[in-house]
Amino acid sequence: MRAPAPSTRGRAATPIGSGHGAAHRYPVAIMTEDRAEAPQVPDKPSLDGLEAKWDAAWAASGVYAFDRTAPREQVFSIDTPPPTVSGNLHMGSVFGYVQTDAVARYQRMAGRDVFYPMGWDDNGLPTERRAQNYFGVHCDPSLAYDPDFTPPAKEGLDAEGKKIKRTLACSRRNFVELCIELITADEVVFETTWRRIGLSVDWTLLYQTISDDSRAASQRGFLRNLARGEAYQAEAPTLWDVSFSTAVAQAELEDRERPGAYHRLAFHRTDDAGTPTGEDVFIETTRPELLAACVALVAHPDDGRYQPLFGETVATPVFGVRVPVVAHELAEPDKGSGIAMICTFGDTTDVTWWRELELPTRAIIARNGRIRTETPDWITAAGPDAVTAYEAIAGKTVFGAKEQMVELLTAGGELSGEPKPITHPVKFYEKGDKPLEIVTSRQWYFRNGGRDPGLREMFAKRGTELEWIPEHMRHRYQHWVDGLNGDWLVSRQRFFGVPIPVWYALDADGEPDHDRVLVPDESALPVDPSSDTPPGYEASQRGVPGGFVGEADVLDTWATSSLTPQIACGWGRDDDLFTRTFPMDLRPQGPEIIRTWLFDTVVRAHFEHGTLPWKRATINGWILDPDRKKMSKSMGNVVTPIALLERYGTDAVRYWSTSARPGTDTAFDEGQIKIGRRLAIKLLNASRFALNSGATEPDPALVSAPLDRALLTRLADVVAAATRAFDAFDYARALEVTEAFFWDFCNDYLELVKGRAYGNRDDTETGDATTAAATASARATLAIALDTVLRLFAPFVPFVTEEVWSWWRPGSVHAAAWPAGEPAAWPVDADDAVLAVAAEVLGAIRHAKSDAKVSMKSPVTTVTVTDAPERCAALERARADVTDAGVVTDLVIDAAAPRADTGSAIEVTLDHTG
RNA sequence: GGGCGUAUGGCUCAGAUGGUUAGAGCGCUGCCUUCACACGGCAGAGGUCCCAGGUUCGAGUCCUGGUACGCCCACCA
């Protein structure tokens, strides 16, 4: 029987590396010679430089290239999260991406054609922000394009090398050009950085979310949604970030605890004629600056204290505007005074009340976050005092207006007591640093079930169809879907993004008619409505009565990101590729973007294709930030991935990442990285030893010694366990079982067979007439074990395994077959008792030597082993190996019942003569 | 306020369907300058398995109720 050839996959059979490992040499050549061509084992193997060497080799050989001819069932496609191009790499990214890469490498070795593209998420706010800081500019879309525009700064510094203080306005087109200039340079660096972590992505499939293809896909998706009625525009109160001057979606919110204060304000009851009766109603508010925007007071319908007031009107303090007192279940009797003022709009509850109670709109906050400067008519109607009061706050920031209002209230005796400081959650845009305001504006929305229970049910069902790893992560999806309270707002008043591909017809007065939406032909995509012309119009009609105007807004970055499966798989661009890769097999991602990226992607695929976008999602855990530990700041030793990669090597960092269970939060632990490095070094040295012992021919037919058969028995179990684990996407378990085997292999088996493998055992003394066969058995077993272990480790530590592989094996280990099927051809015994007992006895001998404080190499004249008969029999079959490894002259094996007190009785009598 | 997750030696973590003296690595201690590896090897010490009840012949493992931490969601008066 011959060794099954490691099946090197056709496309990857190209020799890689430097001059050895030629594919033609195997398996033919080794079968015709006594011994394979000598492996090229360095005298001093080292991890240094392996990353650069093998990254280049892999790129040259195309070992990770996707084979576009593979049928769908053979393909494993991965929807890699496109990282935001930021110039540096975060620990969390390394963590998650490496875990996915291990799965990808397993799938590839297991025979799947892995479609594993990478993308850069370069559209959107982060890039805008960086362009502003880097070039010292900001976008003013009202400006005309200046072809000769020169930004005032580079790297945030002006011509004299000083930090710029004020940014210079430029046109939208100039601004976009600068953004692209920035990311183009960054992405070159970024790719280099990312290649450093050894992802087996096919870099020729790299995409950008701002590229023409992505913009076309995003716009096509939008237009299809529009045609089917899944996209619509509406004038509605919208969460608004005042510093970025853009609307934001529910998914982009976060609460932050902020200090505030309850102000107790006196509203005045009036008689039918509007004359104050002298009775006051007190409400408590944290936002007195919105008093001018008050449209009603509200209390719970069952609240006896306020029931007499329902239907009455009261006069607001300071302004004297008359507002009704209304009832609504959302009002909480035990919060504050139990009655609240409704403003347009102080918070989202106000929006609910305003909508459900059909209250008027009296907005006073402008989009820049300041109080509107023109005096509103309802203030004017309230009289000259109200106007004077309003003028005192007009144009002020929210903060300034609040101070002013407190003064006015105090002056009028309408502020009861001192404001009571509290801490309360305030909504922020997750990327912003000022509280969100709510303004009314026309925006575009995608339906997502937030306002349609039937559709919400549909998306909930999609969530149950998806396979979640770990399983409990599906709750996060479910809760998000259950908690949706509005459709997905997708328009953004930003500049560097995918333009919403529509125009509006202008009426005879030159005003846009938003009901007459003009759309481009799909073949014209991508379009920019600010410079392109809608079908049926001339460019000269832009902005003139009867002509058209382009939509100025861009799409939410998630509106494009939610199409990454379509973008990567070539939807509408490469139908052949699309049918081979979509729906995808795997979406790996972080838990924090289930509500955005994952959910939105499900929504888009459902609308567009009527399917899930992928079969399953793996959700990685968090890294507990080292900043939370006391060390980093005070000690000043902030750890960056790059520094760790340089210090310990990529394989070591990958080892740490893949040690963490799927979906499990993990504390950053540099110690674990050191262990990874040690493992990599151990792989080099153990391999060197095995190969220098003549272990080059992994031929199971040569394996005869009981100890060797026992080792392969255990290895077969390890292969099976690792395969099972990987099939369940539990890479960490696969690593664990492989690693455990490897250390035992080094510490026990290697020591036991050392002498035999070298072939330096003396026939006359051992009385072993079959020394040659025994030596060949040891060597073959070492070769099989090494060959197998390298492949089992390859998904985790790709560099060191490839290095060792190149010493003696053809092709790339990453194109080699996963060894799942090979143990079937091994001479495997029913159990591994021989190895277990031999290792135990060797351990006992070591223990005795350690207690005696003598060298492990010091000779022992007599070792007496008393144990159960079957265990003694097993030991007998490895007698020579044990005496060799233990440097024992006389091994006495005494078959007896194990002693009651110790169970098994291995008794070692150390009788050393040195 | 609701949901999810986590709580195991100094540290980081394993411990399917409950079953002999609870495991690993790091760190610590002692020993071995061993010819693959001192970026090594051998050995040792170290644990009320968060708390309180319960089910069971038997619970780290199941149930109930707490506590602590993390994350997500929730209408910011």
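Chain identifiers are assigned alphabetically (A, B, ...) following the order of the sequence lines, protein sequences preceding nucleic acid strands; residue numbering begins at 1 within each chain. Owing to the predicted nature of the structure, the values given are computational and were not obtained by experimental measurement.
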Using a heavy-atom cut-off of 4.0 Å across all strands, would you classify [X] as base, sugar-phosphate, or nothing?
X	value
A/Met341	nothing
A/Gly621	nothing
A/Trp656	nothing
A/Thr352	nothing
A/Glu332	base
A/Leu436	base
A/Arg678	sugar-phosphate
A/Ala331	base
A/Leu330	base
A/Cys746	base

Steps toward ring-ring contact (aromatic ring centres under 6.0 Å, His included) verdict (A/Phe95, A/Trp656): CA-CA 8 Å; A/Phe95 187 69; A/Trp656 166 70; 5.3 Å; yes
In whole Å, what separates the [atom1] atom of [N] from that of [M]?
N	M	atom1	answer
B/G18	B/U55	C1'	11 Å
B/G60	B/C72	P	34 Å
B/A22	B/U48	C1'	13 Å
B/C4	B/G65	P	12 Å
B/A16	B/C62	C1'	14 Å
B/G23	B/G47	P	14 Å
B/G70	B/C13	P	15 Å
B/G46	B/G27	C1'	11 Å

Starting at atom [atom1] of [X], determine the distance to atom [atom2] of [N], rounded to an integer number of angstrom.
X	N	atom1	atom2	result
A/Asp669	B/G10	CG	C1'	13 Å
A/Asp482	B/G3	CG	C1'	10 Å
A/Ile619	B/C72	CD1	P	14 Å
A/Met473	B/G5	CE	P	10 Å

Check: A/Phe796 ring centre within less than 6.0 Å of A/Phe742 ring centre: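 Centroid separation for A/Phe796 and A/Phe742: 6.0 Å or greater.
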Output field: ring centroids A/Tyr477/A/Trp468 closer than 6.0 Å: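 Yes, the ring of A/Tyr477 comes within the 6.0 Å limit of the ring of A/Trp468, centre to centre.
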Any [X] side-chain nitrogen or oxygen under 4.0 Å from OP1 or OP2 of [N]:
X	N	result
A/Lys849	B/A43	no
A/Lys682	B/G41	yes
A/Asn747	B/C42	yes

Looking only at the side chain of [X] (C-beta and beyond, no hydrogens), which of the listed nucleotides [options] gets closest?
X	options	value
A/Thr348	B/C75, B/C76, B/A38	B/C75
A/Asn485	B/C4, B/A74, B/A36	B/A74
A/His472	B/U34, B/A74, B/C4	B/C4
A/Arg595	B/U34, B/C72, B/C4	B/C72
A/Leu750	B/C13, B/A36, B/C73	B/A36
A/Asp665	B/G15, B/C76, B/G70	B/G70
A/Val426	B/A36, B/A14, B/C76	B/C76

Donor-acceptor side-chain pairing of A/Glu670 and A/Tyr648 below 3.5 angstrom: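 Yes, because at least one side-chain N or O of A/Glu670 sits under 3.5 Å from a partner of the opposite role on A/Tyr648.
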Selection: residues 733-741 of chain A, any non-hydrogen atom under 4.0 Å of RNA chain B: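 Listed by number, they are A/Arg733, A/Glu736.
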A/Glu646 side, atom CD; A/Leu644 side, atom CG - distance, nearest 0.5 Å: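 Answer for the CD-CG pair, A/Glu646 versus A/Leu644, is 9.5 Å.
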Spatial distance of atom CG (A/Leu297) from atom CZ (A/Phe282) [nearest 0.5 Å]: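 That separation rounds to 12.5 Å.
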Comparing A/Trp353 and A/His847 on RNA chain B - which has the more 5′ nearest nucleotide: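 By nearest-heavy-atom nucleotide position, the 5'-most residue is A/His847.
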Which residue lies more 5' along RNA chain B, comparing A/His479 with A/Gly843 via nearest heavy atoms: A/His479
What I want to find out is whether [X] reaches [Y] closely enough, with some N-O distance under 4.0 Å, to be called a salt bridge.
X	Y	value
A/Arg456	A/Asp482	no
A/Glu736	A/Arg661	yes
A/Lys427	A/Glu254	no

Side chains of A/Ser858 and A/Val887 in contact at under 4.5 Å (non-hydrogen atoms): no
Per-nucleotide pairing state of RNA chain B [Watson-Crick or G-U, under 3.5 Å; [ ] pseudoknot-crossing; | other strand]: (((((((..((((.....[...)))).(((((.......))))).....(((((..]....))))))))))))....
Within 45° cone and under 6.0 Å: A/Lys674 NZ/CZ vs A/Tyr655 ring: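 The answer is no; the distance or angle limit is not met.
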Under 3.5 Å donor-acceptor, A/His263 side chain and A/Ala261 backbone: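 Answer holds: yes.
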Distance-only donor-acceptor test (3.5 Å): side chain A/Lys427, base B/C76: no
Residue pair A/Thr696, A/Arg779: steps toward the side-chain contact (heavy atoms from CB on, under 4.5 Å) verdict: CA-CA 7 Å; A/Thr696 53; A/Arg779 289 176 176 175; over 6 Å; no
